**Student:** 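If you scroll down you'll find the structure; I have some questions about it.
Reckoned from all heavy atoms, side chains included, excluding hydrogens, waters and symmetry mates. If you're wondering where the values come from, they're calculated on a predicted model, not measured in any experiment.
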Amino acid sequence: MNVIVCVKQIPDPALPGALDPATKTLKRDGKLILDESDSYGVEMALQLVDAAGGGEVGLVSMAPNGEVSGLRTALAMGAAKGVLVSDPALQGSDALTTAKVLAAAVQRLGAADLVIAATESSDGYTGTVPEQMAELLGLPSVTFAKRVVVEGGTLKVDRQTEEGYDEVTCPLPALISVTAGVVEPRYPSFKGIMAAKSKPVENVTAADLGVTPVGWAGAGQEITNVAAAEARQAGEIIEDDGETYLKVVAYLENLKVI
């Protein structure tokens, strides 16, 4: 069984982020790490390949400056190879362009029985990229997967909902987006970290994939202004004088809650 996982490399959330004053987008000029939300997809892919008794896990990613630090983490976990799309022209790409690029990268890697993505990324998210990729690839899509099993050529998924979960089945190949906590990601071993240094990562551009237009030219949006959020105002403190409930009721009535 061959599984391809979409992994995003993001600025370290432990460090203060900064916006580029020219583009009004998040600066990504330093070292990038594997998005934690994608580590669940990598682990799920590795477990499915092990359960199938053979195959491999491939990775696709978009990142500036040829950055591969996050990809190497996923390779150290056990993935076999990757395709990195790194192209200055991609700056400013919207969700649909991102989906087009990743779908083309999946096709370049090829021979996927299953494509896995996170529900959304941690640094900027729409929650739409996996479904757009599925449409572009012509694959059935199952979102919010909290449990995934493959039996023969059939995918069985427990799809998380507000009320519980739906039991969904569909034929392979397919594309799924997994929720955080679907599995417990493994820590890369020292042996895995050393092996990851020699695993192949093909670096391509949008032009190599035949995707155009990209970046701001292909985006259906424009960032015209960025402003700091208003500071939260302090709430009203009510001292308990024995009839505080009357003040609470009056407050709720004023809000038209009751």
Side-chain angles (χ1 to χ4, degrees), residues 2-11 20 23-28 32 34-35 37-38 41-42 45 57-68 70-71 74 79 81-145 155 170-178 200-223:
N2 294 321
V3 184
I4 296 177
V5 186
C6 301
V7 296
K8 189 170 186 182
Q9 302 177 91
I10 65 172
D20 186 319
T23 64
K24 300 180 178 64
T25 58
L26 184 65
K27 286 186 177 181
R28 303 176 186 274
L32 303 179
L34 176 66
D35 191 334
S37 62
D38 289 318
V42 175
V57 176
L59 310 169
V60 295
S61 183
M62 284 175 57
N65 308 320
E67 178 61 39
V68 294
L71 268 178
K81 58 186 178 181
V83 171
L84 172 66
V85 188
S86 188
D87 188 341
L90 289 170
Q91 186 176 39
S93 293
D94 61 2
L96 180 56
T97 301
T98 299
K100 290 178 179 178
V101 170
L102 292 175
V106 166
Q107 291 176 318
R108 189 178 186 93
L109 206 51
D113 299 300
L114 181 65
V115 180
I116 299 179
T119 297
E120 57 190 14
S121 60
S122 301
D123 62 334
Y125 42 84
T126 63
T128 62
V129 171
E131 293 72 45
Q132 291 172 327
M133 288 181 62
E135 178 67 20
L136 292 165
L137 292 168
L139 298 176
S141 171
V142 183
T143 58
F144 298 100
L155 178 71
C170 72
L172 294 176
L175 186 149
I176 62 173
S177 59
V178 298
V201 175
E202 183 183 12
N203 199 320
V204 299
T205 64
D208 294 330
L209 298 174
V211 180
T212 185
V214 297
W216 295 113
Q221 61 187 13
E222 179 184 358
I223 301 175

**Student:** Do you know the tightest heavy-atom contact between Gly66 and Asn203?
**Tutor:** CA-ND2, 3.9 Å

**Student:** With side chains defined as the heavy atoms from C-beta onward, is the minimum distance between Thr143 and Pro130 less than 4.5 Å?
**Tutor:** no

**Student:** Output yes when a side-chain donor or acceptor of Asp87 lies under 3.5 Å from a complementary backbone atom of Ala89, and no otherwise.
**Tutor:** yes

**Student:** May I ask you to test the Leu155-Pro171 pair for a side-chain heavy-atom distance under 4.5 Å?
**Tutor:** no

**Student:** When rounded to the nearest 0.5 angstrom, what is the spacing between CD1 in Ile116 and CD1 in Ile176?
**Tutor:** 4.5 Å

**Student:** Look up atom CD in Gln107 and atom CG in Leu102, then write down how far apart they are to the nearest 0.5 Å.
**Tutor:** 11.5 Å

**Student:** Would you sort out whether Leu59 and Ile4 count as a side-chain contact (heavy atoms from CB on, under 4.5 Å), showing the intermediate values?
**Tutor:** CA-CA 5 Å; Leu59 310 169; Ile4 296 177; over 6 Å; no

**Student:** Work out which heavy atom in Leu137 is nearest to a heavy atom in Ala103; give both atom names and the distance.
**Tutor:** CD2-O, 3.5 Å

**Student:** Pick one: which of Val115, Thr119, Val142 meets side chain to side chain contact (heavy atoms under 4.5 Å, CB included) with Ser177?
**Tutor:** Thr119

**Student:** Testing the basics here: between Ala99 and Met133, what is the closest heavy-atom pair and its distance to 0.1 Å?
**Tutor:** O-CG, 3.7 Å

**Student:** Is there a donor-acceptor pair under 3.5 Å between the side chain of Asn2 and the backbone N or O of Asp113?
**Tutor:** no

**Student:** Might you work through the side-chain contact (heavy atoms from CB on, under 4.5 Å) test for Leu90 and Val101, ending with a clear yes or no?
**Tutor:** CA-CA 9 Å; Leu90 289 170; Val101 170; 3.8 Å; yes

**Student:** Over all heavy atoms of both residues, which pair between Ala219 and Gly92 is shortest? Give the atoms and the distance, please.
**Tutor:** CB-O, 3.5 Å

**Student:** Are any side-chain N or O atoms of Ser61 and backbone N or O atoms of Val7, one a donor and one an acceptor, separated by less than 3.5 Å?
**Tutor:** yes

**Student:** In the structure I gave you, are the side-chain heavy atoms of Leu84 and Gln9 within less than 4.5 Å of one another anywhere?
**Tutor:** yes

**Student:** How many angstroms lie between CD in Gln132 and CG in Leu96, if you round to the nearest 0.5 Å?
**Tutor:** 5.0 Å

**Student:** State whether the number of non-hydrogen atoms from other residues, nucleotides or ligands found under 6.0 Å of Glu135 atom CD is greater than 12.
**Tutor:** no

**Student:** Where the side chain of Asp35 meets the backbone of Lys8, is there a donor-acceptor pair that is under 3.5 Å apart?
**Tutor:** no

**Student:** Using 4.0 Å as the upper bound for N to carboxylate O, is an ion pair formed by Arg28 and Asp20?
**Tutor:** no

**Student:** Val83 vs Val204, test: side-chain contact (heavy atoms from CB on, under 4.5 Å). Steps then yes/no.
**Tutor:** CA-CA 7 Å; Val83 171; Val204 299; 3.9 Å; yes

**Student:** To the nearest 0.5 Å, what is the distance between OG1 on Thr212 and NZ on Lys100?
**Tutor:** 9.5 Å

**Student:** Hey, what do you get for SG (Cys6) to CE (Met62), rounding to the nearest 0.5 Å?
**Tutor:** 11.0 Å

**Student:** Flag the pair Glu202 and Lys81 as a salt bridge only when some basic side-chain nitrogen lies within less than 4.0 angstrom of an acidic carboxylate oxygen.
**Tutor:** no

**Student:** Give the minimum heavy-atom separation between Val85 and Ala206, together with the two atoms involved.
**Tutor:** CG1-N, 4.3 Å

**Student:** Out of curiosity, Gln91 CD to Thr25 OG1, how far, rounded to the nearest 0.5 Å?
**Tutor:** 5.0 Å

**Student:** Provide the closest heavy-atom pair for Glu222 versus Trp216 in the form atom of the first, atom of the second, distance.
**Tutor:** CA-CZ3, 4.5 Å

**Student:** Begin from the C-alpha positions of Leu32 and Ile10 and carry the test side-chain contact (heavy atoms from CB on, under 4.5 Å) through to its verdict.
**Tutor:** CA-CA 5 Å; Leu32 303 179; Ile10 65 172; 5.8 Å; no

**Student:** The criterion is side chain to side chain donor-acceptor pair (under 3.5 Å); which residues satisfy it with Ser86, sequence neighbours excluded?
**Tutor:** none

